[in-house]
Participant: 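The structure under discussion is supplied below as structure tokens; questions concerning it will follow.
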Amino acid sequence: MANFPRRRGKSGNPATSKASRFSKFVRVPAADAAGKKTLRRRGIYLLPNAFTTAALFCGFYAIVMAMNQKFEHAAWAIFIAMILDGLDGRIARLTNTQSEFGAQYDSLSDMVSFGAAPALVIYEWSLRGMGKLGWLAAFVYCAGAALRLARFNTNIAVVDKRFFQGLPSPAAAAMVAGFILMMNDLQFAGNQLAWVSWAIALFAGLTMVTNVPFYSFKDVNFRKSVPFIVVFLLALFFALISIDPPKVLFPIFVAYGLSGYAVFFWRMAKGKPVSIVQTDHEH
């Protein structure tokens, strides 16, 4: 097996490759016909990047719909972007088409779909009439998403894989979009709920940049057999959502947004380490 030179950081620890900082598009050695591992060349692959482009389109579409005062369309576009964002990385791994380009492109798409789009949608829907306080809350959300994505990309190698460091940007976007959907379904106008929207935008934006741990579901083994009751509960879950999506989705993401704080204070009460960053690997 060929030995590849290991680049070392300033402290003497081997420096990880730039691509290894991304969970969904990590470049991994590919095995050739003889079983030897070779570094796969950089490239642009159509299938995963098509899903990323579709997610980016949904984010842009949400902004356009908000400008046209079609907020229900904008909110659903953000939810569709979240689904597509969850698929592109899995497709890249299944088809062995991970690349550094895909990792960078995915982050830029996430910034539009889960950073700029939700901030602008909630501003147009509810915060515009608040003046400076309104656009400052929208900016805090947008800046929080940008900082969250940048920190995720740089800390991916040193965090506990079972948890996210701070609220994931898709979940924050779903919280904002879910609130708009539910209030529209209940026939509330955005200007009637300006202060509630302001609080949600600030909560989501600030929670994204905290060190509060949020369960990532990455340790769930989908290839392992499960009891029949699990499949039944999953079917029941989707049936519950289909009954009234606007009234079901928002509480789910609010519960997830609060779950991190529950884990945080539970760990603190038990005297366990609150930080999920593995400081012994940092340099």
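All figures in this text were calculated on a predicted structure; none of them were measured in a lab.
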Participant: Identify the heavy atoms of Met65 and His73 that sit nearest to each other, and give their distance.
Facilitator: CG-CB, 3.8 Å
Participant: Under 4.5 Å between side-chain heavy atoms, counting indirect links through other Ile/Leu/Val/Met/Phe/Trp/Tyr residues: same cluster for Leu94 and Ile83 or not?
Facilitator: no
Participant: Is there a path of hydrophobic side-chain contacts, each under 4.5 Å between heavy atoms, that joins Met130 and Leu202?
Facilitator: yes
Participant: Find the distance between CE (Met268) and CZ (Phe264) and round it off to the nearest 0.5 Å.
Facilitator: 3.5 Å
Participant: Does anything in residues 177-197 pair up under ring pair (Phe, Tyr, Trp, His ring centres under 6.0 Å), and if so which pairs, sequence neighbours excluded?
Facilitator: Trp125-Phe179, Phe179-Phe250, Trp195-Trp198
Participant: With a 4.5 Å cut-off on side-chain heavy atoms, are Tyr61 and Ile80 touching?
Facilitator: no
Participant: Only pairs at least two apart or in different chains count here, so list each side-chain hydrogen bond (donor to acceptor under 3.5 Å, both in side chains) that has a residue in residues 233-245.
Facilitator: Asp244-Lys247
Participant: To check you understand the geometry: which heavy-atom pair defines the closest contact between Cys142 and Ala119, and what is its length?
Facilitator: CB-CB, 4.0 Å
Participant: Shortest non-hydrogen contact from Leu84 to Cys58?
Facilitator: CD1-SG, 4.0 Å
Participant: What do you reckon, is CZ of Phe60 surrounded by more than 12 foreign heavy atoms closer than 6.0 Å?
Facilitator: no
Participant: Give the minimum heavy-atom separation between Gly190 and Ser126, together with the two atoms involved.
Facilitator: O-OG, 2.6 Å
Participant: Do Pro168 and Arg148 touch side chain to side chain, with heavy atoms closer than 4.5 Å?
Facilitator: yes
Participant: For Val176 and Val121: C-alpha separation, side-chain torsions, deciding distance, then whether side chain to side chain contact (heavy atoms under 4.5 Å, CB included) applies.
Facilitator: CA-CA 9 Å; Val176 171; Val121 171; 5.9 Å; no
Participant: Does either side chain, that of Thr52 or that of Asp88, offer a donor lying less than 3.5 Å from an acceptor on the other one?
Facilitator: yes
Participant: Heavy atoms only: give me the nearest Pro245-Ile243 pair and the separation to one decimal.
Facilitator: CD-C, 4.0 Å
Participant: Taking only residues at least two apart or on different chains, which pairs with a member in residues 199-214 satisfy salt bridge (charged side-chain N to carboxylate O under 4.0 Å, His left out)?
Facilitator: none
Participant: Are Met111 and Val64 connected in the hydrophobic side-chain network, where two residues link if heavy atoms are under 4.5 Å apart?
Facilitator: no
Participant: So how far is it from Ile180 CD1 to Glu72 CD, rounded to the nearest 0.5 Å?
Facilitator: 11.0 Å
Participant: Measure the CG-CZ distance between Leu167 and Phe253 for me, rounded to the nearest 0.5 Å.
Facilitator: 10.0 Å
Participant: In Å, rounded to the nearest 0.5 Å, how long is the span from CZ of Phe203 to OH of Tyr141?
Facilitator: 12.0 Å
Participant: With a 3.5 Å cut-off and no angle check, do the side chains of Tyr123 and Ser197 form a donor-acceptor pair?
Facilitator: no
Participant: Within the 3.5 Å criterion, strictly below it, is a donor on Thr53 or Tyr105 matched to an acceptor on the partner's side chain?
Facilitator: yes
Participant: Pairs in or reaching into residues 115-131: which pass salt bridge (charged side-chain N to carboxylate O under 4.0 Å, His left out), with residues at least two apart or in two chains?
Facilitator: Glu124-Arg128
Participant: In chain order, what residues pass the salt bridge (charged side-chain N to carboxylate O under 4.0 Å, His left out) check against Arg151, with sequence neighbours excluded?
Facilitator: none
Participant: Is a side-chain N or O of Ser109 found less than 3.5 angstrom from the main chain of Asp106, in a donor-acceptor match?
Facilitator: no
Participant: What's the separation between atom CG in Leu186 and atom CG in Leu181, rounded to the nearest 0.5 Å?
Facilitator: 11.0 Å
Participant: Can you confirm if the aromatic rings of Phe214 and Tyr256 lie within a centre distance of less than 6.0 Å?
Facilitator: yes
Participant: Is there side-chain contact between Pro213 and Gln165, with heavy atoms separated by less than 4.5 Å?
Facilitator: no
Participant: Please report the closest heavy-atom contact between Ala117 and Ile63, naming both atoms and the distance.
Facilitator: CA-CG1, 3.7 Å
Participant: Quick one: pull up CZ in Phe71 and CD1 in Ile122 and give me the separation to the nearest 0.5 Å.
Facilitator: 10.5 Å
Participant: Could you see if Leu127 belongs to whatever hydrophobic cluster contains Met67? Use Ile, Leu, Val, Met, Phe, Trp, Tyr and a side-chain cutoff under 4.5 Å.
Facilitator: no
Participant: Does Lys70 have any salt bridge (charged side-chain N to carboxylate O under 4.0 Å, His left out) partners at least two apart in sequence or in another chain, and if so, which?
Facilitator: none
Participant: Could you see if Tyr215 belongs to whatever hydrophobic cluster contains Met175? Use Ile, Leu, Val, Met, Phe, Trp, Tyr and a side-chain cutoff under 4.5 Å.
Facilitator: yes
Participant: In terms of relative ring orientation, are Phe164 and Phe152 parallel, tilted or perpendicular, with 30° and 60° separating the classes?
Facilitator: tilted
Participant: If we ignore angles and hydrogens, is there a donor and acceptor under 3.5 Å between the side chains of Ser113 and Asp85?
Facilitator: no
